[in-house]
Structures are given as structure tokens and as C-alpha cells.
Amino acid sequence: MRRPHKERELTAVSADGTRIHVEVHGDDGRPAVVLAHGWTCSIRFWAAQLADLAADHRVIVYDQRGHGRTAAPASHSGYSTDALADDLEAVLAATLEPGERAVLAGHSMGGMTLMAAARRPVFREHAAAVLLCSTGSSRLIPEARVVPMRPGRTRTWISRRVLGARAPLGPVTPLSKRILRYGTMGPGAAPDRVAECARIVHACPRPVRVAWAHVLGALDLDAEVRELRVPTAVIVGSDDRLTPLAPARALAAALPDRAALPDPAALPDPAGLTELTGVGHMTPVEAPEAVTGAIRCLVGTYLGEKEDVA
């Protein structure tokens, strides 16, 4: 039986003064893993990874600005990919020793955070390897398949308004769970995992959700991807409607240093992508074993620790 892992909380102060809520799970001296969650989520999104990895890793998680226990920016200028990179740098500086290396994993907007920080000195000092889950670097709205129409201006126009809608999400109901499953998860997602994602997403404040939707709608991190000069692996679900297979494949192909994941449950891809069959956008929740196994693989390969990927 696994013993309870050590946990502590701290605050990292970003460049603009935003106070970032950070948690460190696991014992000092263990291989370090940093997890960055996506749009409308929180630390809770990584529950499965924390439960598994904290037994033999030091796992650092934080709430992105405006999410969870991190306050929203004081002004509109606080919503940007540069601000996300600032926050990540603050978290790395607050939790890792000088020169200490870690495996960094980001889901959706968390992956975009890692891309945005690719040129930053603190990122380059601490990143041993990167895992990008269900994310993209540009053209998110035109590529999204949330609206069941052929690609084109009309679908892009509707998608932009759906994803940036100002309407409140309200309480979690059977209808809202069905809508969430359709838009963000695979058709076979377990009901308890759908419910947990719904509780997390619905807890995101509406102004924060809308403000970040506008940032993501104009995203262009293609140049930053080319600066991501650490071994990087990409995971995507075959049924991801928000960051589908085609842009994920382009993202993987653009990486200067791709890291392969020998996962027998996933489909190999010539561009170095790992495709999870039947999984939607919420890969760490829908396929926790695959995502956790990928992190363990990267730790074992790039931090010099023997890890069991099975």
C-alpha cells in the first residue's frame, strides 16, 4: 500500500505581481515534474497524475491566472501568452533549485504556456523534456470541429462565438454534461470522468473564461514552437474536437527535437505524434494511464531515473 505523499502550498509572484497558487506533492530529492493545466480547468484536473506520480516524484502543479485559487489579472493586459510564460517562469524559479531539471507537461492552454516560454532563460535552464497534451500553436478556431460543419468561414464564425460565448454555464446538470462530453471528450468517456470535468470547467469564472477565449482565438505560437529545443512529445485524442489530429500532427512535425513515446495502447504516427484512439480533448482525465505513462517515460529517459512505463 502506498504511503500518503508529502504536500505543501506556496505562492509564486509573476512579473506583473499576480500571485500564483502552487502546490508541491511528493518528497524532496525525487525527480521533478511540473504540470500546467488548460483553459477553464485547475489543479484538480491533474488528480489522476498526482495520485500516481507523487508516490515517487516531486510533482509541482499550479493554478493558471484566473483559475482555481489564483486570482484573475487586475486588467485586460494581464491576459496574454506572455503573461502565461511569466507565470510559468515564476513557478519554476520558486520551486526548483538553480540548474535543477524537470519534465514539464501541459494540457491545452498549459501546452501553449510551455510553447510561449520556449525562449525564456528560466525555461531553458529547467526543462529536461516536455509533454504537450491536446494542444495547438495557431489557427485554433478555424481548425476546431466543435461545430459539425465543413471547414470554412461560416464554421469559423460560429465556432468563435460558441467558444467565446458570454452566457453563464450555470450548475452542472445532465444536459450540461452531455454538451461538455460532445465538445471536449470522446464518446466513450466514463460518466464519472465527464462529471468531474464538468465540475472543474463550470467552476471557472465567466469573465476569465471569456477573456482567455479571446486570447486563444488569436493564438500564434508557431515561431515559439521552433524554439522549443528540448525533447518534446505530443499526445492527442483521435476524437479531439478542440485541437484535432491535423494541427497536432503539424505541431509535432514542427518541433526541433521530437521525443517518441513507446506506448503500445496508442497509434504510432510518422510525425512523432501519439494518438489515443477514441479519446477527446481532456486526455489527462479520459486516458490517465497513457498520460501518466508518457510522463514516466520522459522522466526515465531524460532525468536518468528508471521508470516503469507499463
Side-chain angles (χ1 to χ4, degrees), residues 9 18-23 35-51 61-74 76 78-79 84 106-113 133-135 140-141 144-149 157-217 237 239-243 278-288 291:
E9 298 181 358
T18 298
R19 298 173 66 81
I20 310 299
H21 174 71
V22 185
E23 296 179 8
L35 305 178
H37 70 76
W39 177 49
T40 73
C41 295
S42 67
I43 285 173
R44 290 172 55 194
F45 189 77
W46 297 107
Q49 285 69 43
L50 283 172
V61 286
Y62 68 102
D63 286 323
Q64 300 266 29
R65 52 177 56 205
H67 298 75
R69 294 169 62 183
T70 295
H76 184 72
Y79 292 95
L84 294 177
H107 170 261
S108 193
M109 191 174 81
M112 299 161 201
T113 301
C133 299
S134 313
T135 191
L140 298 184
I141 301 299
R145 298 190 292 108
V146 174
V147 178
M149 297 174 60
W157 185 89
I158 297 173
S159 297
R160 192 176 299 279
R161 277 144 188 82
V162 169
L163 296 174
R166 296 181 176 275
L169 296 182
V172 176
T173 65
L175 176 59
S176 70
K177 286 187 286 187
R178 286 197 296 271
I179 293 172
L180 181 86
R181 183 201 292 267
Y182 169 80
T184 69
M185 305 182 80
D192 61 326
R193 294 178 181 179
V194 176
E196 179 60 13
C197 279
R199 287 190 290 269
I200 293 170
V201 170
H202 281 238
C204 181
R206 176 175 51 172
V208 171
R209 169 170 54 85
V210 173
W212 282 118
H214 290 158
V215 173
L216 302 182
D239 289 356
D240 190 335
R241 298 180 188 275
L242 290 176
T243 53
V279 175
H281 184 67
M282 302 300 208
T283 41
V285 174
E286 292 182 77
V291 172

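The basis for the numbers below is simple: all heavy atoms, side chains too, and nothing from hydrogens, waters or symmetry mates. The shown structure was predicted, so the numbers you read here are calculated from the model rather than taken from an experiment.
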Which distance, rounded to the nearest 0.5 Å, do you find between the [atom1] of [X] and the [atom2] of [Y]?
X	Y	atom1	atom2	value
R160	L216	CZ	CG	11.0 Å
C204	H67	SG	NE2	4.0 Å
R44	C197	CZ	SG	10.0 Å
T113	Y62	OG1	OH	5.0 Å

Validation row: M112, V215 side chains within 4.5 angstrom (heavy atoms):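 No, their side chains stay 4.5 Å or more apart.
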Check: V146 and L242 side chains under 4.5 Å, non-hydrogen atoms: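 Yes - at least one pair of side-chain heavy atoms lies under 4.5 Å apart.
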Pair V201, M282 - check side-chain contact (heavy atoms from CB on, under 4.5 Å), show working. CA-CA 11 Å; V201 170; M282 302 300 208; 4.0 Å; yes
How far apart are the closest heavy atoms of [X] and [Y], and which atoms are they?
X	Y	answer
A48	P284	CB-O, 4.4 Å
D240	S134	OD2-CB, 3.6 Å
D239	G186	CB-CA, 4.4 Å
S108	T135	O-OG1, 2.8 Å
A144	L163	CB-CD1, 4.5 Å
Q64	A36	NE2-CB, 4.2 Å

Side-chain ([X]) to main-chain ([Y]) donor-acceptor, under 3.5 angstrom:
X	Y	result
E23	I43	no
D63	R69	yes
R241	Y182	yes
E286	R193	no

Side-chain donor-acceptor pairs under 3.5 Å in residues 169-181, sequence neighbours left out?
| unit_1 | atom_1 | unit_2 | atom_2 | d |
| --- | --- | --- | --- | --- |
| T173 | OG1 | L175 | N | 3.4 |
| T173 | OG1 | S176 | N | 3.1 |
| T173 | OG1 | S176 | OG | 3.4 |
| S176 | OG | T173 | N | 2.7 |
| S176 | OG | T173 | O | 3.0 |
| R181 | NH1 | P187 | O | 3.4 |
| R181 | NH1 | A189 | O | 2.7 |

Out of the candidates H107, H281, R145, only one should pair with T243 under the side chain to side chain donor-acceptor pair (under 3.5 Å) rule; please name it.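 It is H281, the one option of H107, H281, R145 that forms the side chain to side chain donor-acceptor pair (under 3.5 Å) with T243.
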For residues 199-214, which residue pairs pass the side chain to side chain donor-acceptor pair (under 3.5 Å) check, not counting sequence neighbours?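 Found E196-R199.
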Given Y79, which partner from the list L84, V210, V208 fulfils the side-chain contact (heavy atoms from CB on, under 4.5 Å) test?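 Going through L84, V210, V208 one by one, the side-chain contact (heavy atoms from CB on, under 4.5 Å) with Y79 is satisfied by V208 alone.
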Non-neighbouring partners of T18 that pass side chain to side chain contact (heavy atoms under 4.5 Å, CB included), sequence neighbours left out: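 Residues passing side chain to side chain contact (heavy atoms under 4.5 Å, CB included) with T18: S14, D16, I20, R65, T70.
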Neighbour count >12 (heavy atoms, 6.0 Å) for atom CZ, R19: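 At most 12 heavy atoms, drawn from other residues, nucleotides or ligands, come within 6.0 Å of this atom.
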